[in-house]
Structure formats: structure tokens, C-alpha cells
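Just so it is clear, the structure is predicted and the values come from calculations on it, not from any experiment. Because only heavy atoms are used, hydrogens play no part in the values below, and waters and symmetry mates are left out as well, while side chains stay in.
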Amino acid sequence: MEHIPLKLFSVDEAKPLEFAVIVPVLNERDNVGPLLQDISIALAGIEWEVVFVDDGSTDGTIELLESLALRDQRVRLVRRIGRRGLSSAVIEGFLATVAPIVSVIDGDRQHDERLLPEMFHAIAAKDFQMAIGTRYAGGGSVGQWDSARVRISKFATSLAGLVMKTPLSDPMSGFFAVRRETFIGLVPQLSKMGYKILLDVVASSKTPLRVVELPYEFRTRTAGESKLDNMVALEYVELLLDKIIGKYIPVKLLMFGTIGVMGAVIHLTLLSMLLNVSGVAFATSQALATFGAMIFNFTLNNEFTHRDRKLRGPKWVTGLVSFCLACGFGAVANVGLGSLLFAQSWSWWAAGLAGAAIGSVWNYVATSWLTWRKR
């Protein structure tokens, strides 16, 4: 049978897509409508689409975006269920569009959408791979930030120099545009951690990128609530560590091990108090100290190391049980290997460290799969 291709539209009926704007959102119902209107005005004369990536809004944002998308084919919605995180949301947005040039703008209207066409033309008409909105050069401004926030931001910017191959005045910016092919080529190397996707991109590129920086003034949020919390600093440090040592050792394993060392201190402290202060028998003291250290380790790993899979409510209890079981096997491996090496004339400290290292790796792998497995 002769195959007759389906003709969807002619070249004259539609212009090719030129530009996509990725907008990660979480509970931004009062902002998405005005933002969409501002983007539409700013991008007049450019064939564009906007991809909202929602991380599970509960304030009506999803329903509003679905309504807008039904009336305007330039509006698209990617709903993420059971997943959160600005960097990973941006990546999914990039993967959801085929526009040759893609930009990122926050859903809280603090970025200046009037800069979008300048970003687009800087890449489309010139040889730049990226165009970045900067608050720290060429007349850019942080707006109404207080002095403490400015100092923290500048300190974080200076730390970013440790991993960047492309010098930037504002690597912490979340407002930029990039050739899609450039971004897609870097996706396998991205850490996908935290909020600083731009830093992740420029640190993942093996060679300096051709970049132009465009100044803008950072605005004050007028609706909704900030999604930044005290985990932001930890996630930033985690991203830097991943770029520095991630190829040699997983950062989460390093965090798990650090908490393990703290747990050992807790264990010895509890053992000393129970044995020497309360007069409890050694076996009972050792058992209670071990269980106390396990609770400590589980709690901190649940709060920090595996915060993206944090267990709550009844799952916290079942998670603690599975954590203790997995670490129990790790303890057996620790003692078994240490004893074997010591019997083979290894020094006591070398045998002990080797056993502890193997036990720690086992505990990390086992609990990652058993206790904090993504389901």
C-alpha cells in the first residue's frame, strides 16, 4: 500500500518555533497570569512558547495553567509528581521543548522579562552560546536587598570561582538563555542539585562557553511566598563539592560518612554516661548507645543526606527499622573484615579503618536502596 504522508500544515500557515521560556513554579497562582502577559508583550515579533514546570502546587496554580494552556497553544504545562527541585525542573523543561534557543525565568516575577528579546537576539544573531542576566555588572542591581543578603550572595559568588571555567559576574543568577543543543549536550554531566542551575551548567562544561552578560535590576516579590529555606546553603555547598570531588567520591556518601563519624561520637558519649554515670551494665549500655547512635544517624541522614526523599509520619518509623537492620549487617561486615585483616598481621588501626570503611559503604548503599529508595 502506498504511504501517503499526513500534511499537518504548510510552511505558509505557521512559522517555526524560535524561542522557549522555561518557568519553574510552585504555588505561584497570583503570578503566572501577569507573568504570561508580560512575556507575551516582551516577545512580540518572536515565535515563542512558554513551558511552566510545576512541582506539585496546591494553591490553584495547576488549574489556572491548564485553563491558560487550553486557550493559548503557546502555553504548555509539565506536571511533576513526587519530584521537586529547581534545577531538575529546569532540565525537564528544556527536554520538553524543541525550540533552538531556550531561556529560564523565575515564576515569581523578580526577573525582568523585558530582557528576554535581548537575550534571544544575542544568541540568534551573534555567536554566543549563552546570554545571562546579571545583577553585578554593567548597571545591574540587586534592588532592595539588605546588606546581609548582599554579603552572603557575594561570598557565594566568590566560592563559585572554584568550579567555573567560564568567568561570570553573577554565576548565582537564575535568569539566562542558552542554545538548546549546548544545554542538552551538558545534561549528562549536570549535578541537578539545588537551585543554582546556571552554575551547574558553566561548571559542567569542559571548555569555556561563549557568554554575554546583560544587566538588569532584581525586583521585589509582590505575590506568593519565597521557596528558599535553610537548606539552600547546604545544597549550594553540595553542588560545589560535587563539581570538585564528585568524579572520585559521591557527595552523598561523603555526607553519610560525616554523619557516621558524628554518630560514633554520640555512641561513645552515651556509652560513657550510661556506664560511668548511671552505673548501667556494659552490655545494656552498649546496646542502648548503639540504638541511640542509629536513631541519631537515621534522623540526620533523613533530614540532610536524603532530604529529597525525606520520610515522614509512619514511613519515618518503618524507615528507622529498615535503617537499623541494614546497619546491623554493616556492623557484621565491619567486624568480620577487620578481624580477618588483623589475623593476617595488619596493624590494629589499619584493620579497624578498613572494616569501618567497608561497613560505611555497605550502610550507604543498603540504606539508599532499602530505606530511602525512590518508589
request  = State whether F128 and R210 meet the cation-pi test: NZ (Lys) or CZ (Arg) under 6.0 Å from the six-membered ring centroid, and within 45° of the perpendicular axis.
outcome  = no

query = Is there a donor-acceptor contact under 3.5 Å linking the side chains of S57 and E28?
reply = no

inquiry  = Let me check something: do V78 and F183 share a hydrophobic cluster, defined by ILVMFWY side-chain heavy atoms less than 4.5 Å apart, either directly or through other members?
reply    = yes

query = Considering all heavy atoms of both residues, which atom of F291 and which atom of C324 are nearest to each other, and what is their separation?
reply = CE1-SG, 4.2 Å

inquiry  = Would the distance check show the side chain of T299 and the main-chain N or O of I295 forming a donor-acceptor pair, the cut-off being under 3.5 Å?
reply    = yes

key: Side-chain touch F19/E47, heavy atoms, less than 4.5 angstrom   = no

task = Find out if a path of hydrophobic residues (ILVMFWY) with successive side-chain heavy-atom gaps under 4.5 Å connects V317 to F298.
result = yes

message = Do the side chains of D38 and R114 get close enough for a salt bridge, i.e. N-O under 4.0 angstrom?
response = no

query = Hey, is the main chain of G319 close enough, under 3.5 Å, to the side chain of S322 for a donor-acceptor pair?
reply = yes

request  = Return the minimal non-hydrogen interatomic distance between P24 and V90, and the atom names on each side.
outcome  = CG-CG2, 4.1 Å

request  = State, yes or no, whether a side-chain contact exists between L43 and V21 at a heavy-atom distance under 4.5 Å.
outcome  = yes

message = Go through it in stages, so that I can follow the logic: the residues are E113 and L116, the test is side-chain contact (heavy atoms from CB on, under 4.5 Å), and I'd like the CA-CA distance, side-chain angles, deciding distance and then a yes or no.
response = CA-CA 5 Å; E113 73 291 331; L116 288 172; 4.1 Å; yes

Residue pair I123, Q129: steps toward the side-chain contact (heavy atoms from CB on, under 4.5 Å) verdict = CA-CA 6 Å; I123 297 174; Q129 292 173 289; over 6 Å; no

Aromatic plane relationship, H111 with F175 - under 30° parallel, 30 to 60° tilted, over 60° perpendicular = parallel

message = Within the structure provided, determine whether F94 and V178 are in side-chain contact (heavy-atom separation under 4.5 Å).
response = yes

query = Taking the side chain from T318 and the backbone from K315, do they hold a donor-acceptor pair closer than 3.5 Å?
reply = yes

task = For E63, look at atom CD and say whether over 12 heavy atoms of other residues, nucleotides or ligands are found less than 6.0 Å away.
result = yes

inquiry  = If we ignore hydrogens and angles and just use 3.5 Å, is the side chain of D200 paired with the main-chain N or O of S191 as donor and acceptor?
reply    = yes

inquiry  = Is there a side-chain contact between W316 and K310 in this structure, where contact means two heavy atoms from C-beta onward sitting under 4.5 Å apart?
reply    = no

message = Could you go through L198 and D170, starting from their C-alpha distance and side-chain angles, then the distance that decides it, and tell me whether this counts as side-chain contact (heavy atoms from CB on, under 4.5 Å)?
response = CA-CA 9 Å; L198 173 61; D170 193 2; over 6 Å; no

ask   = Any side-chain donor paired with an acceptor under 3.5 Å for T371 and R309?
value = no

ask   = Does R219 come within less than 4.0 Å of D112, counting only side-chain N to carboxylate O?
value = yes

note = When rounded to the nearest 0.5 Å, the distance separating CD1 of I132 from OG1 of T166 is 8.0 Å

task = Give, for atom CZ of R74 and atom CG of L68, the distance between the pair rounded to the nearest 0.5 Å.
result = 11.5 Å

task = Return the minimal non-hydrogen interatomic distance between P117 and A42, and the atom names on each side.
result = CG-O, 3.5 Å

ask   = So, do V75 and L36 sit near enough that their side-chain heavy atoms are less than 4.5 Å apart?
value = yes

task = Specify the closest pair of heavy atoms between I266 and A293, including all atoms of both residues, with the distance to one decimal.
result = CG2-CA, 4.4 Å

Gap between atom CG of L86 and atom CD1 of I91 - 0.5 Å precision = 10.0 Å

query = Can you find a pair of side-chain heavy atoms, one from M294 and one from C327, that are under 4.5 Å apart?
reply = yes

query = Is there a chain of hydrophobic side chains (I, L, V, M, F, W, Y, each step under 4.5 Å between heavy atoms) that links V23 to V98?
reply = no

ask   = When F256 is tested against each of F304, Y364, W372, W362 for ring-ring contact (aromatic ring centres under 6.0 Å, His included), which residue passes?
value = Y364

task = Mind listing the closest non-hydrogen atom pair of R180 and V102 along with its distance?
result = CB-CG2, 3.9 Å

key: Joint cluster assignment, M262 & L270, ILVMFWY side-chain distance < 4.5 Å   = yes

task = Check the hydrophobic clustering (I, L, V, M, F, W, Y; side-chain heavy atoms under 4.5 Å; chains of links allowed) and say if I184 and V201 are grouped together.
result = yes

note = On a heavy-atom basis, the closest approach of L214 and A131 is CD1-CB, 4.3 Å

ask   = With a 4.0 Å cut-off, would you call R79 and D54 a salt bridge?
value = no

task = Taking the side chain as every heavy atom from C-beta outward, state whether I22 and S103 have any pair of such atoms under 4.5 Å apart.
result = no

task = Salt-bridge test for R76 and E66: reply yes if a basic N is under 4.0 Å from a carboxylate O, no otherwise.
result = no

key: Basic-acidic side-chain contact under 4.0 Å: R80, D55   = yes

inquiry  = Out of the candidates T258, I259, L253, N297, only one should pair with T305 under the side-chain contact (heavy atoms from CB on, under 4.5 Å) rule; please name it.
reply    = I259

inquiry  = Are more than 12 heavy atoms, taken from residues, nucleotides or ligands other than Q73, located less than 6.0 Å from that residue's CD atom?
reply    = no

inquiry  = Tell me whether the NZ or CZ atom of R373 lies within the 45° cone about the ring axis of W369 and under 6.0 Å from its centre.
reply    = yes

request  = Kindly say whether V53 contributes a backbone atom to a donor-acceptor pair with the side chain of E92 at under 3.5 angstrom?
outcome  = no

query = For T134 and Y216, what are the C-alpha separation, side-chain angles and deciding distance, and is it a side-chain contact (heavy atoms from CB on, under 4.5 Å)?
reply = CA-CA 6 Å; T134 177; Y216 80 102; 5.8 Å; no

inquiry  = Does any part of the side chain of R135, heavy atoms only, come nearer than 4.5 Å to the side chain of E217, both counted from C-beta?
reply    = no

